2 protein chains.
Amino acid sequence: MSEHTEQRCENCIVRRLNTLKALTKEELKNISDSKETKTVKKGDPIFNEGDRLNGVFCVREGVSKLSKMSDNGKDQIVKLAKRGELLGQRSVITEQSTNLSAVALSDMTVCYIPKSHLKDNISNNIKFTNAILQQMANELKFADDVIVNMAQKNVKQRIAETLQYLEHTFGKDEEGYIKMILTREDIANVVGTAKEACIRQLTKFKKAGWISTDGKRIKIVDHKALYNTIEGFE
Amino acid sequence: MSEHTEQRCENCIVRRLNTLKALTKEELKNISDSKETKTVKKGDPIFNEGDRLNGVFCVREGVSKLSKMSDNGKDQIVKLAKRGELLGQRSVITEQSTNLSAVALSDMTVCYIPKSHLKDNISNNIKFTNAILQQMANELKFADDVIVNMAQKNVKQRIAETLQYLEHTFGKDEEGYIKMILTREDIANVVGTAKEACIRQLTKFKKAGWISTDGKRIKIVDHKALYNTIEGFE
DNA sequence: AATTCTAACTGACAAATGTCATCGTTTTTA
DNA sequence: TAAAAACGATGACATTTGTCAGTTAGAATT
């Protein structure tokens with residue numbers, strides 16, 4: 001009895017947040033027996049573009065960026081994954097090597113679940129398969145929106161939108177600062193622009209009184225102004 | 001016996017190209033009995049952004065663009081769907097209204113399949129559900145690539161890539177012209193730029209001898225040069 | 001065949017963005 | 001704690017892209 005009960009998947013709160021919630025207690029027990037909990041330090045990779053994954057990583061604590069190196073040497077961040085999200089799900093489904101890298105943006109705890117156990121459940125538990133289907137359909141819709149934004153919005157709008165997204169996704173601390181600290185370069189890599197352009201735009205927002213900063217920390221002061229910018233109401 | 005046999009799903013060649021191939025002959029017969037074949041004229045909509053879809057459209061002949069209107073009034077084309085592709089699959093899965101519009105780029109024949117029949121199969125036939133899962137996982141991967149390209153590549157590179165994509169996807173006629181004719185504006189809407197910028201870039205490619213044109217028709221002459229441009233080898 | 005309409009194309013200019021260089025500050029590491 | 005590395009910030013400038021205005025060519029309609 002060396003494991004605490006909360007280290008068992010069937011008791012893990014995180015599971016409620018992802019597709020694993022569609023599994024029965026019995027199935028979760030099987031998965032839990034084969035899973036492996038790992039800690040990952042800020043800045044360390046969880047996996048790299050091109051890796052063949054033999055399982056998925058369930059994020060228990062911390063945040064990871066999923067990014068892809070572009071030909072011009074910039075690292076485009078496609079997604080930020082937090083508590084409850086499963087990394088590598090797609091690669092396991094398609095049996096292809098992953099097209100993204102995952103790097104920890106903070107110290108993390110992740111559970112590694114070997115794919116054999118998932119595969120069994122995908123083949124047998126239609127409820128589980130359906131949950132994954134729902135999730136992927138939603139991700140696909142979200143991806144369409146990102147494509148449209150990338151193509152049609154300018155850097156100013158995309159930065160405003162990213163700030164709004166970060167606050168919405170990660171919340172605020174007691175002082176109102178966004179509870180997710182990214183470097184300016186990482187923000188630029190989400191937005192798809194140069195870090196200088198990103199810094200300059202943040203400075204403009206600051207001067208306009210729409211945001212305030214303290215070191216890397218950012219606080220949205222005027223939500224409405226940011227919203228209007230995003231929507232293109234100048 | 002009013003229908004020709006090729007109008008029955010179970011005999012339709014198109015089915016081999018999409019997830020319906022995972023259905024049994026019996027299931028296909030049921031679907032075929034409830035499907036409705038429609039013709040759509042070039043320029044006509046199949047459905048509009050925000051519509052609630054009560055079924056999917058299987059493209060039997062012709063090409064449709066799937067696009068989304070952006071706030072600045074531009075119509076971003078997210079996907080071109082040809083023979084064999086299913087439109088509206090995601091909306092049916094998530095039960096949400098569609099986030100994209102579908103408009104015919106050529107005269108089309110599409111089969112409308114009411115969702116009730118698909119839903120039944122999704123719940124009961126794990127092979128079918130898995131096929132959809134595979135397909136969505138691949139689409140998601142493709143979407144990631146598009147996001148990275150949109151964010152990191154310039155207009156010149158994206159136009160070059162679009163030409164390559166069009167030739168690869170739709171093939172060439174006897175004279176070597178791409179067998180898919182888009183207006184310059186539609187090309188611009190795939191690339192996510194203004195039509196003037198698109199036209200100018202095509203002119204440059206033409207002057208460099210990398211492509212040649214005849215009216216709207218485009219022929220890639222120097223594949224290698226285009227490829228180098230896409231990859232950023234100047 | 002004349003007219004109308006749409007799309008292709010071009011020029012001129014403004015605005016947005018990328019690149020390079022530099023410097024002070026903060027964070028990390030030895 | 002000192003040194004090194006990473007990061008934030010800003011200026012200067014080149015390049016890319018968007019916008020507006022207008023002309024030409026071809027297709028569709030009458």
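Just so it is clear, the values below take in all heavy atoms, side chains as well, and ignore hydrogens, waters and symmetry mates. Just so it is clear: chains get the letters A, B, ... in the order the sequence lines come, proteins before strands, and each one is counted from 1. Source: prediction; values computed, not measured.
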Out of the candidates Gln135(A), Met136(A), Gln134(A), only one should pair with Thr19(A) under the side chain to side chain contact (heavy atoms under 4.5 Å, CB included) rule; please name it.
Gln135(A)
Round to the nearest Å and state the distance from Arg184(B) atom CZ to dT10(C) atom P.
10 Å
Does the dT19(C) base have a donor-acceptor partner in the side chain of Arg200(A) within less than 3.5 Å?
yes
Interatomic distance where CG belongs to Asn189(A) and C1' belongs to dT17(C) [whole Å]
15 Å
Has Lys74(A) got a side-chain N or O lying under 4.0 Å from the OP1 or OP2 atom of dT19(C)?
yes
In short, the helix from dA1(C)-dT30(D) to dA30(C)-dT1(D) is bent end to end, axes from five pairs each side, to 10°, by 50°
Can you check the Lys41(A) NZ to dT28(C) C1' distance for me, whole Å?
13 Å
Tyr112(B) six-ring centre to Lys38(B) NZ/CZ under 6.0 Å and within 45° of normal
yes
Classify the nucleic acid contact of Lys216(A) as base, sugar-phosphate or nothing, counting any heavy atom under 4.0 Å across all strands shown.
sugar-phosphate
Take Lys195(A) and Val155(B), find for each the nucleotide of DNA chain D with the closest heavy atom, and name the residue whose nucleotide sits nearer the 5' end.
Lys195(A)
Could you tell me whether Asp173(B) and Lys219(B) have a side-chain N and a carboxylate O separated by less than 4.0 Å?
no
Lys/Arg N to Asp/Glu carboxylate O, Arg184(B) vs Glu196(B), below 4.0 Å:
no
Distance in angstrom units between Glu196(A) CD and dT22(C) P, rounded
14 Å
Taking only side-chain nitrogens and oxygens of Lys206(B), does any of them come within less than 4.0 Å of OP1 or OP2 of dC9(C)?
yes
Please tabulate, for the side chains in residues 200-214 of chain B, all donor-acceptor contacts under 3.5 angstrom to protein atoms that are two or more places apart in sequence or on a different chain.
from, atom 1, to, atom 2, distance (Å)
Thr203(B), OG1, Ile199(B), O, 2.9
Lys206(B), NZ, Thr213(B), OG1, 3.2
Asp214(B), OD2, Arg217(B), NE, 3.4
Asp214(B), OD2, Arg217(B), NH2, 2.9

Can Lys216(B) and Asp186(B) be counted as an ion pair, charged N to O under 4.0 angstrom?
no
So, Asp75(B) and Lys68(B), do they make that salt bridge, N to O below 4.0 Å?
no
Gap between atoms CD1 and P, on Ile211(B) and dA8(C) respectively (whole Å)
13 Å
Segment of DNA chain D, first to last nucleotide, that comes within the 4.0 Å heavy-atom reach of chain B
dT17(D) to dC20(D)
Separation of dC9(C) atom P from Lys204(B) atom NZ, nearest Å, is 15 Å
Does Lys82(A) qualify as a cation-pi partner of Phe170(A), given the criterion of NZ or CZ under 6.0 Å from the six-membered ring centre and within 45 degrees of its axis?
yes
Could you walk me through whether Ser64(B) and Ile46(B) satisfy the side chain to side chain contact (heavy atoms under 4.5 Å, CB included) test, starting with their C-alpha distance in whole Å, then the side-chain angles of each, then the deciding distance to 0.1 Å, before giving a yes or no?
CA-CA 8 Å; Ser64(B) 162; Ile46(B) 300 174; 4.0 Å; yes
